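Below is one structure, written out as structure tokens; comments come after it.
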There are 4 protein chains.
Amino acid sequence: MKGSNTKDQIIAEASKLFLDEGYEMISMRKIATKVGCSPTNLYRHFQNKEDILLVLLERGYSVFLSYIQQAIDQNKELEFRIKLKQALKSYVNFGLENKEYYQLMFIRNFEHFDRVVIGESDRMKGFNLLANLIQEGMEKGLVKGDIEVISQSLWGLIHGITSLLITFKNSFHWTNEQSLIDFHVDTYLKGLLK
Amino acid sequence: MKGSNTKDQIIAEASKLFLDEGYEMISMRKIATKVGCSPTNLYRHFQNKEDILLVLLERGYSVFLSYIQQAIDQNKELEFRIKLKQALKSYVNFGLENKEYYQLMFIRNFEHFDRVVIGESDRMKGFNLLANLIQEGMEKGLVKGDIEVISQSLWGLIHGITSLLITFKNSFHWTNEQSLIDFHVDTYLKGLLK
Amino acid sequence: MKGSNTKDQIIAEASKLFLDEGYEMISMRKIATKVGCSPTNLYRHFQNKEDILLVLLERGYSVFLSYIQQAIDQNKELEFRIKLKQALKSYVNFGLENKEYYQLMFIRNFEHFDRVVIGESDRMKGFNLLANLIQEGMEKGLVKGDIEVISQSLWGLIHGITSLLITFKNSFHWTNEQSLIDFHVDTYLKGLLK
Amino acid sequence: MKGSNTKDQIIAEASKLFLDEGYEMISMRKIATKVGCSPTNLYRHFQNKEDILLVLLERGYSVFLSYIQQAIDQNKELEFRIKLKQALKSYVNFGLENKEYYQLMFIRNFEHFDRVVIGESDRMKGFNLLANLIQEGMEKGLVKGDIEVISQSLWGLIHGITSLLITFKNSFHWTNEQSLIDFHVDTYLKGLLK
DNA sequence: TATGAATGAGTATTCATTCAT
DNA sequence: AATGAATGAATACTCATTCAT
């Protein structure tokens, strides 16, 4: 009828496997076995292994952007501090709710794959949404400093907590996730704003 | 000193290769070629490929701890804020000056390798040095809150900026590194400290 | 006429591909892509890949025989030397004007394909037309010697120049084709005929 | 001690297989099986499949040149006609005594393999030895015409009989090989000389 | 301290072909 | 008359590793 079911299955299994064991450790055979089809059949749906990753990344970026955009849209009319905080939390939540995507998009670096560079601009789009917010804060006199420095620092702030929670999710004793994130963002914003 | 020269060469070449192309992409043959010896010879010095990584991680943790410890020792007598800031900056500098180690220790996750778990306690030691500092700040009344939450947030803060600078060192236009780090830490500490 | 258009297209594309890259290098998928249909569809028109080759060879032999026969018919009443020369030139021209067929029929050897043996008798028919001519020459007292030896030598003569011109058409600097062939045949016939 | 025995074995088995079934039909596995070693081991001795072919061709060209050169050297002082005939027969004999080499060098065309082009110049060397002989004949007034045309025609003469005897060795009833070759060359030379 | 020879298991990928529609 | 989905078997090649020397 609509999209092939197998293709979706492949994406689902591949993203799980890629996160759990790493892209290079996963063979087409392993994916096929999980999906329950022949390795050959994977090539009906994707040009090659890299192509699976590419499609995965594209989906990831699209979901990512919708997270950020939605947070900004929903809090349009609210106070700047709240709007900014919600956007930052949205970023972290995207990561925690989509660990596979986050890892592939922001922790691993696939730029040596030529075709993956496409994704770069998508990563940029998300970054720019953040930068625009900061710009707004500066215009309102709530934020001071170099907009590039501030944006990059903010990215570091939220990437740090997100990636740690993903990478060491099992090997470190984390306090309650949401309080940690709240504290993290609040503390930084207390220093940044006004 | 003691260890053979070849062994050091192997570690040097392996760590470069592991960072540049990823642990899984590097074969024993590639390492041997770089070192200029036979693949077989690697096995005289290391049990297997995983063992090279293990030794590498051990060295990395040792260097890492010395960075943090030194920062704390050197600023023992200074104001708490400065001491803390220097410790945090030390962490970041360790990463930037030892990108290979940092990536293997904090960005990649090798916990599926049984023997690597040993390293966990070393990572913990570094974390505890930080936590002790916070403890000191709390005792002095300069910091308030849950010590675990604060330590983890602080780790997120500095891991974020460090890992971004390493992972996307070529594919993102960064502002001046040191000013960025200064701003990053200062802003957060402004919010954290009394 | 009768056969579907697709079947002709398949034969046309397949023979080009087989010559350019070799029978083994060409996959059903490549043929299908060139034709612009699905690989599956090839099997509606041919039993399998070998069958495509077989049909191709059959067509080739039929064209081949018509070349030789026509040369003989058209020069029936002329002097023997001219008749023979025209027949020989016809052979060469068949090759040069049908390089794909010539290569498959006379340069490659597909006798390990059971079904291809059928073609053998066709190759024989062409050979026999030549032998008959020689027979005629012997009866007229113009040619002397063992008819088998002469026929085989003649075949070698024209096969040599034809196959070289086809196989090394790009990698050797040939003089003018037709003068070369004329010289080739004339020189030999000068030695052969009375 | 001297050269690895396995390498020679590989070359021996590969050349047989390449002739019998064709380069493309032969897999590394098949070669390894014949040799009695693992497929992997082939890669210790050759970079890849193409490299086996390349080494084979190089050996072939070297043997080929020695055949021709020897014939010329040995008959240096003899009458031109005999010298030329011996050179031509040498060419044919090289083919018949080294069918695998001849097929790979003169019947198949591997020029789409970049590295094989090297061989081109070697093929040229053999051709030039022939051309030089003709040149000598022309200087002695025994041969008349365009030297290029004559050389190419001569090549066609001997390639034709050689390649037919190799390609259709089993599927055609040949008269006695040596008488056929003698007749073939003699007839042509009768037309060519004086 | 080092290496050349070797291998079993694995890699991504392509093959000719079939089947249900 | 044609196709999309699928596959088992094969392809060239690379892997980490071992063993005899």
Side-chain angles (χ1 to χ4, degrees), chain A residues 1 3-7 9-10 23-32 35-52, chain B residues 4-7 10 23-32 35-52, chain C residues 3-7 9-10 23-32 35-52, chain D residues 1 3-7 9-10 23-32 35-52:
Chain A
M1 282 293 174
S4 145
N5 188 30
T6 304
K7 185 159 188 168
Q9 256 181 284
I10 295 170
Y23 175 77
E24 292 86 357
M25 293 303 292
I26 298 307
S27 70
M28 296 299 262
R29 284 233 258 277
K30 282 181 192 161
I31 299 173
V35 171
C37 72
S38 74
T40 312
N41 198 21
L42 299 183
Y43 290 89
R44 271 197 50 70
H45 300 282
F46 299 89
Q47 288 181 34
N48 48 40
K49 191 182 164 188
E50 196 179 319
D51 194 36
I52 299 183
Chain B
S4 87
N5 188 28
T6 304
K7 186 159 187 168
I10 294 171
Y23 176 76
E24 292 85 357
M25 294 303 293
I26 298 307
S27 70
M28 295 298 262
R29 190 165 299 227
K30 280 180 192 161
I31 299 173
V35 171
C37 72
S38 75
T40 314
N41 197 21
L42 299 183
Y43 291 88
R44 285 197 56 71
H45 300 280
F46 300 89
Q47 290 180 33
N48 50 36
K49 190 182 165 188
E50 197 178 316
D51 193 36
I52 298 183
Chain C
S4 86
N5 189 27
T6 303
K7 186 160 186 168
Q9 254 183 285
I10 294 171
Y23 176 76
E24 292 85 357
M25 295 303 292
I26 298 307
S27 69
M28 295 299 263
R29 190 165 301 226
K30 279 181 193 160
I31 299 174
V35 171
C37 71
S38 75
T40 314
N41 198 20
L42 300 182
Y43 290 88
R44 283 197 58 70
H45 300 280
F46 299 90
Q47 289 180 35
N48 50 37
K49 191 182 165 189
E50 198 179 317
D51 193 36
I52 299 182
Chain D
M1 282 295 173
S4 147
N5 189 28
T6 304
K7 186 159 187 169
Q9 256 182 283
I10 294 170
Y23 175 77
E24 292 85 357
M25 292 305 291
I26 297 308
S27 70
M28 295 299 262
R29 283 232 258 278
K30 281 180 193 162
I31 299 174
V35 171
C37 71
S38 74
T40 312
N41 199 20
L42 299 183
Y43 291 90
R44 270 197 50 70
H45 300 282
F46 299 90
Q47 288 181 33
N48 48 39
K49 191 181 163 188
E50 196 179 319
D51 194 37
I52 299 182

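Fair warning: this is a prediction, and the values are worked out from it, not measured in the lab. Naming: A, B, ... by sequence-line order, numbering from 1 per chain.
Between M28(B) and N48(B) the shortest heavy-atom distance is CE-C, 4.1 Å. In this structure, I10(A) and V35(A) approach most closely via the heavy-atom pair CA-CG2, 3.8 Å. Minimum heavy-atom separation, L42(B) to C37(B): CD2-SG, 4.1 Å. In this structure, K30(D) and M25(D) approach most closely via the heavy-atom pair NZ-O, 2.8 Å.
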query = What is the per-nucleotide protein-contact pattern of nucleotides 14-21 of chain F, from the 5' end, where B denotes a base atom under 4.0 Å from a protein heavy atom, S denotes such proximity for sugar-phosphate atoms only, and - denotes neither?
reply = BBSBBB--
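Rounding to the nearest 0.5 Å places NE2 of H45(D) at 12.5 Å from CG of D51(D). Rounding to the nearest 0.5 Å gives a distance of 11.5 Å between NZ of K7(C) and CZ of R44(C).
Nearest-nucleotide positions on DNA chain E place L42(B) closer to the 5' end than the other of L42(B) and C37(D). Each of G36(A) and N41(C) lies near DNA chain F, and the nucleotide nearest N41(C) is the one positioned closer to the 5' end.
An OP1 or OP2 oxygen of dA2(F) is reached within less than 4.0 angstrom by a side-chain nitrogen or oxygen of H45(C).
Separating the CD atom of Q9(D) from the C1' atom of dA5(E) is a distance of 13 Å, rounded to the nearest angstrom. In this structure, F46(D) places its CZ atom 16 Å from C1' of dA12(F), rounding to the nearest Å.
Taking the side chain to side chain contact (heavy atoms under 4.5 Å, CB included) definition, one finds that S38(B) meets it with T40(B), N41(B), sequence neighbours left out. The ring pair (Phe, Tyr, Trp, His ring centres under 6.0 Å) test applied to Y23(D) returns F18(D), F110(D), F113(D), not counting sequence neighbours.
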remark   = Given Watson-Crick and G-U pairs under 3.5 Å, DNA chain F in dot-bracket ([ ] crossing, | other strand) is .||||||||||||||||||||
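When the nucleotides dA1(F), dA2(E), dA5(F) are ranked by their closest atom to the side chain of R44(A), dA5(F) comes out on top.
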